[in-house]
Number of protein chains: 2
Amino acid sequence: MSLSEPIVNQTLAVQAFDKLVNAIVRGELEPGARISEVQVAQRLGISRGPLREALGRLEGKLVQRTPHVGVQVISLSRADLVELFVMREALEGMACRLAATAMSEKDLDDLQRLLDAHGTREGVRRGTGYYQHGSDDDFHFCIVRGSRNRKLAAFLGDDLYHQLRVYRYRSSLAPGRAQAAFAEHCAIVEALRARDPDRAEAAMRQHIANARSNLQWRDEGTAATVTRIGAPRHGS
Amino acid sequence: MSLSEPIVNQTLAVQAFDKLVNAIVRGELEPGARISEVQVAQRLGISRGPLREALGRLEGKLVQRTPHVGVQVISLSRADLVELFVMREALEGMACRLAATAMSEKDLDDLQRLLDAHGTREGVRRGTGYYQHGSDDDFHFCIVRGSRNRKLAAFLGDDLYHQLRVYRYRSSLAPGRAQAAFAEHCAIVEALRARDPDRAEAAMRQHIANARSNLQWRDEGTAATVTRIGAPRHGS
DNA sequence: GCTTTGTCATCTGTTGACAGTCGTCAAGTG
DNA sequence: CACTTGACGACTGTCAACAGATGACAAAGC
């Protein structure tokens, strides 16, 4: 029993928030699925109060509310996904630019090791299992952290990546995309090692732009056919 | 009484949310100010439930919570503000790039009129009252909307701009900055009219970078001296 | 048979009350 | 006098119950 570790009796609302994020990101709650407050509250063993607070914090990110009707998991169209990738391109490009001067040599070594580990892995050579298993996320998040911009890292890590992760499992890779992505990662690291901000930003933006144009839709049109509950909210 | 307009009986939580955003942005609640739930709930004439939901939605944006202690208006350090400007540079630069091809001729005409109106106004010539009165926001938001990227516009308009607005009233302009900003706006519109994405993005990024390096702190160190309530949250 | 209208079950929005925690202040101890 | 300890007040976190709205279904009218 370590006394250096403080007792973390986190609020029920925070715990519910984490559980919900996990459930949605892992696909246990499918996009478009309706969430019944009483049902979920019972399953989590809490009352509706904390759950509502957690749902409120998720609103606009992973969940959308319709007054007097209910809450449902966000359901992004292909166009929405493209829009998110555009934001990624802008923000991660900037993060990579900053990282080129802000990352320490040790950070760069860690990043290099991450890249080497990817290169020797089965999935990359076989052209699959790179994006799917989160290795790609690790690489990107490592650079984002390296930008030393906390606001930027927080937004990408807590908001954007979560939304994208919801749809990862239903996006497949074009043939040879994994190898190309790996090569692009190498180019990025090279630019970072050279401490060249312009080249680093350009390489990252190119990488994400390529990923965007390679977006496949395993289940084309799903988002449009998912039952929309209620009417669109009046007013703005 | 127009029948085409539906009856909007918005939820109390939504109303409270809007009221809070207004109060914080307009400076009625100062940065770092503590918010008592019962007190604010009484003043708004609602119970604590909807208020808590509204506060939850504000968390991380305009407000920060400390478990068992309370809620206080965010208090950004100068470094935080710089970080937000870096994000602005990346996102608005991208927005401007997209706008260069996405904006219609009519959009461009509207933007031109907005710019002309600014140019003839007293404030710009006298070197003040440009940023302070929201004219600058109009210009930028007009371009952001012109990008036709709803996710991007939503994030900038609902999250980033609100946070920046909290601190607008305490940032003053360096001498001659207003005129320089106006000239930069002109350059941006020119690039947009030329339908040149590269130049448009570069111009916008330069403009925001200039604004960032001209950030003045009317009340240097305020954020640091504001009483921090409670201890920093354990974990995470 | 199709449309319209009335009713009902179910869910969300809201409330008020209870329990637990934190910070403060005063009393006690060395 | 400095420090620790205990109790108090105020606040937040949580809950269970009430009120209002919604969507679906069945009955009535054309």
Side-chain angles (χ1 to χ4, degrees), chain A residues 5-20 29 32-60 62-74 226-235, chain B residues 3 5-20 29 32-60 62-74 226-236:
Chain A
E5 283 293 318
I7 300 174
V8 283
N9 192 7
Q10 268 184 332
T11 266
L12 289 185
V14 175
Q15 294 179 29
F17 180 85
D18 293 338
K19 290 255 190 188
L20 281 173
L29 292 170
R34 241 181 105 172
I35 296 180
S36 162
E37 293 188 357
V38 284
Q39 195 175 325
V40 174
Q42 277 185 345
R43 210 195 304 177
L44 290 175
I46 61 177
S47 102
R48 282 175 55 218
L51 177 63
R52 282 178 66 85
E53 195 177 314
L55 288 174
R57 286 180 53 191
L58 280 174
E59 192 173 346
L62 292 177
V63 134
Q64 60 191 109
R65 268 193 142 126
T66 320
H68 299 290
V69 173
V71 177
Q72 61 179 2
V73 181
I74 55 160
V226 161
T227 319
R228 274 270 168 82
I229 59 178
R233 238 175 80 194
H234 301 305
Chain B
L3 284 177
E5 284 293 317
I7 299 174
V8 282
N9 191 8
Q10 268 184 332
T11 262
L12 288 186
V14 174
Q15 294 179 29
F17 180 86
D18 292 338
K19 291 255 189 187
L20 282 172
L29 291 171
R34 239 181 109 174
I35 296 179
S36 163
E37 292 188 357
V38 283
Q39 194 175 324
V40 174
Q42 277 185 344
R43 210 195 305 178
L44 290 175
I46 61 177
S47 100
R48 281 176 54 219
L51 178 62
R52 283 179 64 85
E53 195 177 316
L55 288 173
R57 285 180 53 191
L58 279 175
E59 192 173 346
L62 292 177
V63 134
Q64 60 191 109
R65 269 191 140 127
T66 320
H68 299 292
V69 173
V71 177
Q72 62 179 2
V73 181
I74 54 160
V226 161
T227 319
R228 274 270 169 79
I229 60 178
R233 240 176 79 194
H234 301 306
S236 77

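Every chain is numbered from 1, with letters handed out A, B, ... down the list of sequences.
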With B for base contact, S for sugar-phosphate-only contact and - for none (protein heavy atoms under 4.0 Å), nucleotides 9-15 of chain D reads ---BBBB
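- Applying the side-chain contact (heavy atoms from CB on, under 4.5 Å) test to A/S36 and every residue at least two apart in sequence or in another chain returns A/V38, A/Q39.
- Residues in residues 36-47 of chain B take part in these salt bridge (charged side-chain N to carboxylate O under 4.0 Å, His left out) pairs, two or more places apart or across chains: B/E37-B/R48, B/E37-B/R52, B/E37-B/R65.
- With sequence neighbours left out, the side-chain contact (heavy atoms from CB on, under 4.5 Å) criterion links A/L44 to A/A16, A/K19, A/V40, A/I46, A/L51.
- Annotation: the span from B/L62 atom CG to B/L20 atom CG amounts to 9.0 Å, rounded to 0.5 Å.
- Looking at A/T11, its side chain never comes within 3.5 Å of a backbone N or O of A/A13 through a donor-acceptor pair.
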